Protein chains: 2
Amino acid sequence: MVTQTLVIQKLPVNMEILKNLEEIKIEKPSDIIIKQIKNLISSGQLNPGDRLPPERQLSEKFGVGRSHVRDALRKLEFYGILKTLPQSGTVVAGLGVTALEGLINDVLDLNDHDFYSFVETRVLLEMHAAELAAERADVDDLIKIENALNAFEKEVDAGKQGVEEDLLFHLKIAEASKNSVLNSLLLIVIPDMIKLSKNLDICGDGRYKRAFEEHLEIFDCIKNHDKKGAGNAMKAHLNDLLTFSLEKKNKEKNK
Amino acid sequence: MVTQTLVIQKLPVNMEILKNLEEIKIEKPSDIIIKQIKNLISSGQLNPGDRLPPERQLSEKFGVGRSHVRDALRKLEFYGILKTLPQSGTVVAGLGVTALEGLINDVLDLNDHDFYSFVETRVLLEMHAAELAAERADVDDLIKIENALNAFEKEVDAGKQGVEEDLLFHLKIAEASKNSVLNSLLLIVIPDMIKLSKNLDICGDGRYKRAFEEHLEIFDCIKNHDKKGAGNAMKAHLNDLLTFSLEKKNKEKNK
DNA sequence: CAATTAATATTGGTCAACCAATTTATGGTA
DNA sequence: TACCATAAATTGGTTGACCAATATTAATTG
């Protein structure tokens, strides 16, 4: 009357073993594809303008469904690396708007921002760009900034606002800061604000002549590697805009 | 013997009319969906943790195929705004540690932005956020910053890194700056960098205790409305990171 | 032979059906 | 009544077929 049963003995779990086991990371097919395409580009096997094989061929070659290939291509397009041409193919993009700028724009779009916040942020970014430019501008940078300065003078002397030349001067300083992230931020912030301030015609008649003189002072400080002076000159240059936007803010607050 | 044919008279094209015609922009269904979801979030109708309706319902509601809905959700997930839980649904991500996680590193990697530029830009943004916070923080802000400070202390005393508490402290200062643009930019910048510096374990054993003390000093300056002191304390706090990234930059330069 | 038109092939975009994984509902047992 | 196991429903993920648009090739016309 003995029933033979298989008894499984319960042993204590040796937790120590867990320490030697590492988390495994399953990489998505699309991420693997992205890596391979990135490598082809950075190794020079793919250049801007080159066309990639069709999705169906990539799908076959990689041994995954077309969905995964599409995911990868879509992501690389978001990063600005590829450009998808419907019914024609996918090509390697030239370097236009970068992913960082796209990202910044999108995050900024999430909220409604008041004008004053933009202006205040621009002022502090440009102030530092001028400081860094005074520190880091090489001969090439200085030539570019001076050319932009001269172009702006020519426009002002001809009685025009010189919107593009004004913009160029500021953008060349951003470049001379030799900080690519700061440059990306200013690429977003500066153009809209220069255009806006010209539309609003914030300043009186002598403004563009004065703006040119302020540009000149900024440039002199940068040329002389006067970091503090450059920052202060830029801040002074943008002070009207800051004042205007503060008044605008207060006016809306009292409404 | 006369064959009557319809003769269409060729008139010269009036090119002047072209000037009055504007380019129309066909918005992709996915972009429209993204906008609507964004608006729900920024208007407060959707909050972190909230679950969206299933793809099929959204598809039906928006009157488009599921592919378009998936495209939109995928993009919003890429931005860290949404989080897709397979077989469970899609939720609104919290704008804490999970937000934008790993995104900056991907973007920087792909577009050859150097790490030092990124760190340098962060330092100047956070420095100014601290200054503005010292100027503008109200009682509510101070309570929030102090709570974050205490939470970080508790973690450090327990021997932990306190990643989320560290992050929260910085984010609360950004909020107290009362500049929405600056706040948005710091939402991009801060999460990745705190995580990265913790991973690299830049600092020695006493670092987290020292970090807490530096937080305390920053908070004191803000509480006492000491604008200059707050900026300097924040700069000092981030100095290790700046030094590290400069060394990293020089090391790569000499490679 | 060159230019134009028509037909075919290719390519990215979209769709509905199916799959895999999780959640919810239901029924049975202690 | 609480807990567990099973079944059903739901949900995001994947696939192959089809669609829309472009590119290429072939046929026709002057």
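First the proteins, then the strands, lettered A, B, ... as listed; each starts at 1. Model, not experiment: these values are computed from the prediction.
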Has the side chain of [X] got a donor or acceptor atom sitting under 3.5 Å from an opposite partner on the base of [N]?
{"X": "A/Arg74", "N": "C/dG13", "answer": "no"}
{"X": "B/Arg70", "N": "D/dG12", "answer": "no"}
{"X": "A/Arg66", "N": "C/dG13", "answer": "yes"}

Nucleotide [N], atom [atom2] - distance to [atom1] of [X] in whole Å:
{"X": "B/Leu85", "N": "C/dT22", "atom1": "CG", "atom2": "P", "value": "11 Å"}
{"X": "A/Lys28", "N": "D/dT14", "atom1": "NZ", "atom2": "P", "value": "9 Å"}
{"X": "A/Leu58", "N": "C/dG12", "atom1": "CG", "atom2": "C1'", "value": "12 Å"}
{"X": "B/His68", "N": "D/dG12", "atom1": "NE2", "atom2": "C1'", "value": "18 Å"}
{"X": "A/Ile33", "N": "D/dT14", "atom1": "CD1", "atom2": "P", "value": "11 Å"}

Hey, is CD on A/Glu164 packed in by over 12 heavy atoms from elsewhere, all under 6.0 Å?
no
In short, A/Ala93 meets A/Gly80 closest at the heavy-atom pair CB-O, 3.5 Å
Is the shortest distance from a Lys or Arg side-chain nitrogen in A/Asp71 or A/Lys75 to a carboxylate oxygen in the other one below 4.0 Å?
no
Are B/Phe212 and B/Phe169 near enough that their ring centres are under 6.0 Å apart?
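That pair fails the under 6.0 Å test.
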Are the aromatic ring centres of B/Phe152 and B/His215 under 6.0 angstrom apart?
yes
Nearest-neighbour nucleotide for the [X] side chain, [options] considered:
{"X": "B/Arg56", "options": "C/dG13, D/dG12, D/dT15", "answer": "D/dG12"}
{"X": "B/Glu55", "options": "D/dT15, C/dG13, D/dG12", "answer": "D/dG12"}
{"X": "B/Gln87", "options": "D/dG13, C/dA21, D/dA17", "answer": "C/dA21"}

When all nucleic acid strands are considered with a 4.0 Å heavy-atom cut-off, which category describes [X]: base, sugar-phosphate, or nothing?
{"X": "A/Arg51", "result": "sugar-phosphate"}
{"X": "B/Ser88", "result": "sugar-phosphate"}
{"X": "A/Leu73", "result": "nothing"}
{"X": "B/Ser67", "result": "base"}

Take A/Thr90 and B/Pro86, find for each the nucleotide of DNA chain C with the closest heavy atom, and name the residue whose nucleotide sits nearer the 5' end.
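Mapping each residue to its closest nucleotide by heavy atoms, the 5'-most match is A/Thr90.
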